[in-house]
A.B. asks: 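Below is one structure. I have some questions about it.
All values reported here derive from a predicted model rather than from experimental measurement.
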Amino acid sequence: MPEPYADTLATVAAGRTALVARLRTIAARVEALPLDTAAEVLVLLEPAAAVFERNAALERAPRDHG
């Protein structure tokens, strides 16, 4: 019988790898924009980035197993 969640880490890692690739593509596109347009895009992206940062911090936070 396979271990429960045996492939979870690989699945999460693959998802993060895909996300990083998407973010790099977005960053390259934003860099090519005129400064005022890039600033507007970054203002729109900031809330989503904050959510990612918050979720990453929660993943790293110690958990109470008691």
A.B. asks: Can you list everything that forms a side-chain contact (heavy atoms from CB on, under 4.5 Å) with Pro34? Sequence neighbours excluded, please.
C.D. replies: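 For Pro34 the side-chain contact (heavy atoms from CB on, under 4.5 Å) partners, ignoring immediate neighbours, are Asp36, Thr37.
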A.B. asks: What is the distance from atom CZ of Arg24 to atom CG of Leu19, rounded to the nearest 0.5 Å?
C.D. replies: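 Output value for this atom pair is 10.5 Å.
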A.B. asks: For Leu42, what residues pass the side-chain contact (heavy atoms from CB on, under 4.5 Å) criterion, not counting sequence neighbours?
C.D. replies: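 For Leu42 the side-chain contact (heavy atoms from CB on, under 4.5 Å) partners, ignoring immediate neighbours, are Val30.
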A.B. asks: To the nearest 0.5 Å, how far apart are CZ in Arg22 and OG1 in Thr17?
C.D. replies: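 These two atoms lie 14.0 Å from each other.
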A.B. asks: Does Val43 have any side-chain contact (heavy atoms from CB on, under 4.5 Å) partners at least two apart in sequence or in another chain, and if so, which?
C.D. replies: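 For Val43 there are no side-chain contact (heavy atoms from CB on, under 4.5 Å) partners, ignoring immediate neighbours.
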A.B. asks: Evaluate the side-chain proximity of Ile26 to Val41: yes if any heavy-atom separation is below 4.5 Å, no if none is.
C.D. replies: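 They are not in contact (no side-chain heavy atoms under 4.5 Å apart), so the answer is no.
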